[in-house]
Visitor: 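Sharing a structure below in structure tokens format, with a few things to ask.
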Amino acid sequence: MCLAVPSRILEIHTDRAKADFGGVHRTISIQLMPDVKVGDYVLVHTGFAIGKVDPKEAELTLKLVSKMGDLSPVRLLKPDQWGKE
Amino acid sequence: MRFVDEFENPVLARKLIAEIAGMATKPMSFMEFCGGHTHAIMQFGIRQLLPEYVRLMSGPGCPVCVTSQKDIDRAIALSQFPGVLLTTFGDMMRVPGTTYTLQEASAAGSDVRIVYSPMDAVRLAQEHSDRDVVFLGVGFETTAPGIAASILQAARLGLKNYFVFSMHKYTPPAMRGILDGGEVHLDGIIGPGHVATITGSNAWKFLPLEYHMPVVVSGFESVDILLTVRMLVEQVMTGKAEVANAYGRSVFPEGNVVAQRIMDQVFQMADADWRGLGVLPMSGMAIRPEYSAFDAEVRFEIPDVPSREPPGCRCGEVLRGVIEPPECPLFGKICTPDTPRGPCMVSDEGACSAYYLYQTEALG
């Protein structure tokens, strides 16, 4: 029930918007996100935009993961220090 | 689809699996709060990809599953009031009540309609002014703001025939219930990403502060979940406990403040009865007196029928992480998605349904 799907806002009509779900267009409510703009990506749950999807943050996460292994290893505790810090 | 496909990249997933295997050098158990995560973890086969001493267990994050037997029975009873048009999300239809399901009530003459959005229920109320349209409000913080918005919409439209039966629940009290119960040992929590889209990651600060429990808020694709596990392993191995966010594209510390305000305008905290966890103080969302004209519990005298959970069903223990679905003697034998005995096998977020769908598939 907490399933939410990313979509892109195509048109805004007061408290509703037409949104693109990978080629399928649906009308959604933007009452929970009144500041949304055309072109924004949002998560849609039960017909409501509930939060933005930030392309810059998405890029940062992907970059972080693709660089993993190249970074210096995290400092690990020795077994006798587990749970003591 | 953008923001889905990139986060299912197998190259990145393999990288994360290698990181986890290299970092985790002692046994550790993490609970995914959210039933959506349980389904994604089973679907991607993540449990099998992790080192065997990194264990994931499913938690209470399935709103239909945690709805008490009494509330299920009362929802079914509501459908039988003369003139009622009952609207619900699809998950509720096949949940076994003490004597029958909503689907069976519908076959016997109740007018029950599945809607995608509570706004569809408001539209039905506009179209059927001679009927009492009741919406079954089931869900956590992700869902409750939209249902609150539907009540505000009905108020703006001056509707006198739209009612919500509010069974909504707050997620933090359930996490406290699990930790206070002490039945399962946990080293970290996979935080519910879409609940946190609304509440903000700050809502989970009590876990490190009060329980010294690491929590990482997660998205729902394979890379999201593996990154979350990797971040949890790092916290455990370095002895840290903090709220971290692996779902940066949609979760922010403060959350969706507009949605929070709308939710708080319509609902107030009340004690609520959870399947598997019992009555948890201040864990439910009751409709505020200002909006009692839209409260199904005020409009209808819902009969108090004697409720009994399905005999043999261990959904409650599954929700607390005490057993895994296959440990229930009914699982896969007399309880299947076609013949569900309890809600954990019915709901798209139920752990039993996830294990049945993906595990039995994997076993051939």
Side-chain angles (χ1 to χ4, degrees), chain A residues 1-8 15-16 20-24 26-36 41-71 73-85, chain B residues 1-4 6-7 9 11-12 15-16 18-19 22-23 25-26 34-36 61-64 89 91 116-120 138-140 142-143 145-146 149 152-153 192-195 197-198 220 223-224 227 230 234 237-240 246 248-251 255-256 258-259 262 347-349:
Chain A
M1 200 165 285
C2 288
L3 180 76
V5 183
S7 77
R8 193 167 59 93
D15 63 355
R16 291 199 287 176
D20 174 36
F21 297 78
V24 179
R26 288 190 79 138
T27 300
I28 60 168
S29 166
I30 53 168
Q31 291 185 27
L32 305 178
M33 293 187 71
D35 297 331
V36 82
Y41 286 90
V42 295
L43 280 176
V44 178
H45 170 75
T46 68
F48 290 87
I50 59 164
K52 67 177 168 182
V53 187
D54 185 331
K56 277 195 202 109
E57 285 289 339
E59 203 51 46
L60 277 178
T61 304
L62 292 169
K63 254 187 203 143
L64 170 85
V65 177
S66 55
K67 275 188 191 158
M68 263 176 197
D70 313 340
L71 301 172
V74 292
R75 189 176 62 88
L76 303 181
L77 294 182
K78 293 195 184 79
D80 59 338
Q81 295 172 292
W82 288 345
K84 287 186 183 163
E85 196 171 271
Chain B
M1 190 180 280
R2 188 161 179 210
F3 303 116
V4 174
E6 316 91 291
F7 288 89
N9 180 337
V11 176
L12 297 185
K15 212 162 198 173
L16 285 162
E19 284 263 320
M23 288 168 70
T25 56
K26 63 169 179 167
C34 174
C62 163
V64 169
F89 294 131
D91 271 22
Y116 162 69
S117 166
M119 286 307 196
D120 299 336
V138 173
F140 297 137
T142 320
T143 316
L152 296 178
Q153 179 86 353
H194 292 148
V195 163
T197 300
I198 300 289
F220 292 81
V223 169
D224 293 318
L227 174 61
R230 190 254 183 224
E234 182 174 340
M237 294 309 295
T238 54
K240 276 187 199 151
R249 64 190 183 280
S250 287
V251 171
N256 181 337
V258 174
I262 288 173
S347 173
D348 287 340
E349 291 171 300

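Every heavy atom of this structure was used, including side-chain atoms; hydrogens, water molecules and symmetry mates were not. The chains referred to below are lettered A, B, ... by the order of the sequence lines, with proteins before strands, and numbering in each begins at 1.
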Visitor: Is the Lys NZ or Arg CZ of B/Arg249 less than 6.0 Å from the centre of A/Tyr41's six-membered ring, within 45° of the axis?
Guide: no
Visitor: Can you name the nearest heavy-atom pair linking B/Pro118 to A/Thr46, along with the distance?
Guide: CD-O, 3.9 Å
Visitor: Nearest heavy-atom pair of A/Lys52 and B/Ser250: which atoms, and what distance?
Guide: O-OG, 3.1 Å
Visitor: Quick one: list whatever passes side-chain contact (heavy atoms from CB on, under 4.5 Å) with A/Arg16, sequence neighbours left out.
Guide: A/Thr27
Visitor: B/Met1 vs A/Val5, test: side chain to side chain contact (heavy atoms under 4.5 Å, CB included). Steps then yes/no.
Guide: CA-CA 10 Å; B/Met1 190 180 280; A/Val5 183; 3.9 Å; yes
Visitor: What's the verdict on side chain to side chain contact (heavy atoms under 4.5 Å, CB included) for A/Asp35 and B/Val258, showing C-alpha distance, side-chain angles and the deciding distance?
Guide: CA-CA 10 Å; A/Asp35 297 331; B/Val258 174; 5.7 Å; no
Visitor: If I measure from the heavy atoms of chain B, does A/Leu43 come under 4.5 Å with its side chain, its backbone, both, or neither?
Guide: side chain
Visitor: Heavy atoms only, distances under 4.5 angstrom: which of A/Pro55, A/Ser7, A/Gly23 has the most pairs with chain B? Name it, please.
Guide: A/Pro55
Visitor: For a quick test of reading the model, state the closest non-hydrogen atom pair linking A/Ile50 to B/His194 and the distance between them.
Guide: CD1-O, 4.3 Å
Visitor: Please classify the contact between A/Val24 and chain B as side chain, backbone, both or neither, with a heavy-atom cut-off of under 4.5 Å.
Guide: neither
Visitor: Considering residues at least two apart in sequence or located in another chain, which fulfil the ring pair (Phe, Tyr, Trp, His ring centres under 6.0 Å) criterion with A/Phe48?
Guide: none
Visitor: Going through the distances and angles, do A/Thr61 and B/Phe7 end up as a side chain to side chain contact (heavy atoms under 4.5 Å, CB included)?
Guide: CA-CA 9 Å; A/Thr61 304; B/Phe7 288 89; 4.0 Å; yes
